[in-house]
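Please read the structure below before turning to the comments.
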Number of protein chains: 2
Amino acid sequence: MVTIYDVAAQAGVSIKTVSRVLNQEPNVRETTRAHVLAVADRLGYHPNLSARSLAGSRSFVIAVVADATLTLEHWRSEFGTDYLARIQLGVTPPCRAAGYHVLIELIDRDPALMRPQVNALLAALRPDGVILTPPSADDPLMLDLLDHAATPFVRLGPEQPDGPGLRLALDEAAAAAGMVGHLVALGHERIGLIEGAPEYGSSLARRRGFEAALREHRLEPAGIAVGDYTYDSGLRAGAALLGGRFRPTAIFASNDDMALGCMAAANALGLAVPADLSIAGFDDSAGARFASPSLTSVRQPLVELAAAAAEALIWPNGTPDAGRLGTIDRPGFVLVPRNSTAAPPRRHW
Amino acid sequence: MVTIYDVAAQAGVSIKTVSRVLNQEPNVRETTRAHVLAVADRLGYHPNLSARSLAGSRSFVIAVVADATLTLEHWRSEFGTDYLARIQLGVTPPCRAAGYHVLIELIDRDPALMRPQVNALLAALRPDGVILTPPSADDPLMLDLLDHAATPFVRLGPEQPDGPGLRLALDEAAAAAGMVGHLVALGHERIGLIEGAPEYGSSLARRRGFEAALREHRLEPAGIAVGDYTYDSGLRAGAALLGGRFRPTAIFASNDDMALGCMAAANALGLAVPADLSIAGFDDSAGARFASPSLTSVRQPLVELAAAAAEALIWPNGTPDAGRLGTIDRPGFVLVPRNSTAAPPRRHW
DNA sequence: CTGAAAGCGCTTACAG
DNA sequence: CTGAAAGCGCTTACAG
């Protein structure tokens, strides 16, 4: 392997000068710089990351932390697999462009496991930055460990509005409100909600958005049922909402899995979707795209969020073209209308 | 950060002894070993990977090489996203268990880009091993660069039966033959084939398996149409196969996308699947699971293959329990029967 | 604008 | 069974 000494010798300068050129430091004569670069290129020189990391303050490594159990489950089920892939899609291009490497690190939630795993990660890799995906983004021990190690980190879609680290928040309330707006625009006036597990912040935010939007349109909720983000809970909640006399003409579920469960409940009751009942979900999961009818949903801007996180960690003092980060600081959700929502049926009661 | 010096000082030994204990080298008194481990644990010591890599011969890094364009496309489409996720699922657990880190490295196919990218990867990271996914697994330049750098590498599902590196092959012919066996068992005697792009080795292997299985059952192909692995080509090929007078009662497509295209062609002709026509695919993609009717397909054992690759790189001289690798050396495909295949219609011509 | 020295935290020979 | 010395390939102060 060719080292910095080889380049220095060939170029007739000291290794320090080569180092300056490679790191784009100032105070190098332009001709020297060009010459060194030419020699490095000719020799096929590429700096050794371990040496750089050991001697300097940068490792050129960004670690993406994901919950071990959840991630392995997602990969195995090949269903919710989207999430991490979207993160990778967002993180990878800016990292590649800046010569950074991305490490997906699976960390267990159990504190007795998490503590040594995170400490080993930080000590072994000394990553220049860590990106926390939910639920790690709100784990007190995780935040504490990173904070103590003084490792820069970004929390993707945190549920807590404060705490350490850079937070890249998602405006879930606005997204939920947007979905209500979509249903109202179709003509619906009786809209029910299937709420997610109340212990999740996302679930509360989505309910908040739902209620605010209804108020704005001077409507009352046509029933609220509580689920836990699973298909089965959506099935039960759907049955409950649709069992009454004045059933809603549209139901907004806090995630796609529950929306699909609700769709099954509607089918069981002989209701056609969307002719008799409109159903909307949240997440734009694979299931939403492949369902029959396909499910109207709202897509989290995860790719943009992850890209912003990577750029914030790579360029702590502002992106090269700083304007961009600002514009994607709080990227918007995207409403994806599909075949499960339509105008309400004409009244016949 | 606590270093090996801190541990050595606290334990009252030299750093070399600490190093021996940590690397599980022989020639350490049992009491010394226990004491050092206790001190290391108490201090929360974790070795710095950069220092280990720089000083020693191991980096504890496994790089998974994937084609840049294809991977970004897959991630963006959120459709073929399965592939890399399956690889990650296979590679991650053995690496975690052995203290290795996994890096997904996107490499461009263009030689002018590939050469510096691969060289930089090898020089910067000095990975202990590289896992090549298709099509990199058969790229001559890629193989040459890795071979020259003397980096151990594994080729997943290579199409060429020889060349450098450890090859973990898939028996695609056997998988195709198995699918034909499934159709024959259902009662089909007139089975057509939609072949994939002939420039892919996989396509040839699958056709070979198809023909061998038919021969074994003393049947003739009921038509062979050539596609290129795309939905559209499957649509066209299906129309061609089904347009004749003595149409097949079952069609085996060399991948799921073409099978789904063929299904559309059948629908367009008013043929019900599977009542009038059985259709089988290959890959067990997400589309197969969500299609209507769901598509019978065959699943590549990618997870097992990737796990075997990781273990081969982590334990070059045999897995700790060496028996296991042998058993997954050539893991079998899994036939996944779904609703697109059934008994043939009763003859009525 | 350029360079000589020291040191990052380990492992590799080598010596005892 | 244990340790002192050298060195991996860079960057960090510091000097000129």
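Only this structure's heavy atoms are used, side chains among them; waters, hydrogens and symmetry mates stay out. Note on naming: letters A, B, ... go to the chains in the order of the sequence lines (proteins, then strands), and numbering restarts at 1 for each one.
DNA chain D is contacted by B:Thr32 of residues 31-48 of chain B, taking any non-hydrogen atom closer than 4.0 Å. The stretch residues 17-29 of chain B touches DNA chain C through B:Ser19, B:Asn23, each having a heavy atom within less than 4.0 Å of the strand.
On the nucleic acid side, DNA chain D contacts chain A at distances under 4.0 Å to non-hydrogen atoms, with the end points of that region at D:dG9 to D:dA13.
Of the two residues near DNA chain C, A:Ala51 and A:Gly12, the one whose nearest nucleotide lies more 5' is A:Gly12. Nearer the 5' end of DNA chain D, as judged by each residue's closest nucleotide, is the contact made by B:Leu54, out of A:Lys16 and B:Leu54.
When only modelled atom types and interatomic distance are considered, B:Ser53 and A:Ser50 share a side-chain donor-acceptor pair under 3.5 Å.
For residues 139-164 of chain B, there are no ring pair (Phe, Tyr, Trp, His ring centres under 6.0 Å) pairs, not counting sequence neighbours. Pairs engaging residues 92-114 of chain B under the salt bridge (charged side-chain N to carboxylate O under 4.0 Å, His left out) rule: A:Arg96-B:Asp108, A:Asp108-B:Arg96 [sequence neighbours left out]. Applying the salt bridge (charged side-chain N to carboxylate O under 4.0 Å, His left out) test to residues at least two apart or on different chains, none of the pairs has a partner in residues 117-134 of chain A. Within the structure, ring pair (Phe, Tyr, Trp, His ring centres under 6.0 Å) pairs that include any residue of residues 19-59 of chain A do not occur (at least two apart or interchain). For residues 129-150 of chain B, the salt bridge (charged side-chain N to carboxylate O under 4.0 Å, His left out) pairs, not counting sequence neighbours, are B:Asp138-B:Arg155. Residue pairs meeting the ring pair (Phe, Tyr, Trp, His ring centres under 6.0 Å) criterion with at least one member in residues 90-139 of chain A, sequence neighbours excluded, are A:Phe60-A:Tyr100.
Backbone-only engagement by A:Ser57 is indicated by non-hydrogen atom pairs under 4.0 Å involving sugar-phosphate atoms exclusively. Base engagement by B:Ile15 is indicated by at least one non-hydrogen atom pair under 4.0 Å involving a base atom. Contacts of A:Ser50 with the nucleic acid, taken as non-hydrogen atoms under 4.0 Å apart, are absent.
For the pair B:Asn23 (side chain) and B:Arg20 (backbone), a donor-acceptor distance under 3.5 Å is absent.
Residues satisfying the side chain to side chain contact (heavy atoms under 4.5 Å, CB included) criterion with B:Gln300, sequence neighbours excluded, are B:Leu170, B:Arg206, B:Phe282, B:Asp283, B:Leu302, B:Phe333. With sequence neighbours left out, the salt bridge (charged side-chain N to carboxylate O under 4.0 Å, His left out) criterion links A:Asp67 to no other residue.
Each of B:Val28, B:Asp41, B:Val18 was compared with B:Val36 under the side-chain contact (heavy atoms from CB on, under 4.5 Å) criterion, and only B:Val18 meets it.
Annotation for A:Arg115: atom CZ does not count as buried by contact number, only 12 or fewer foreign heavy atoms lying within 6.0 Å.
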Once Watson-Crick and G-U wobble pairs under 3.5 Å are found, how is DNA chain D written in dot-bracket notation, 5' to 3', with | for any base paired to another strand? |||.||||||||.|||
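Between A:Ile104 and B:Gln88 the shortest side-chain heavy-atom distance falls below 4.5 Å.
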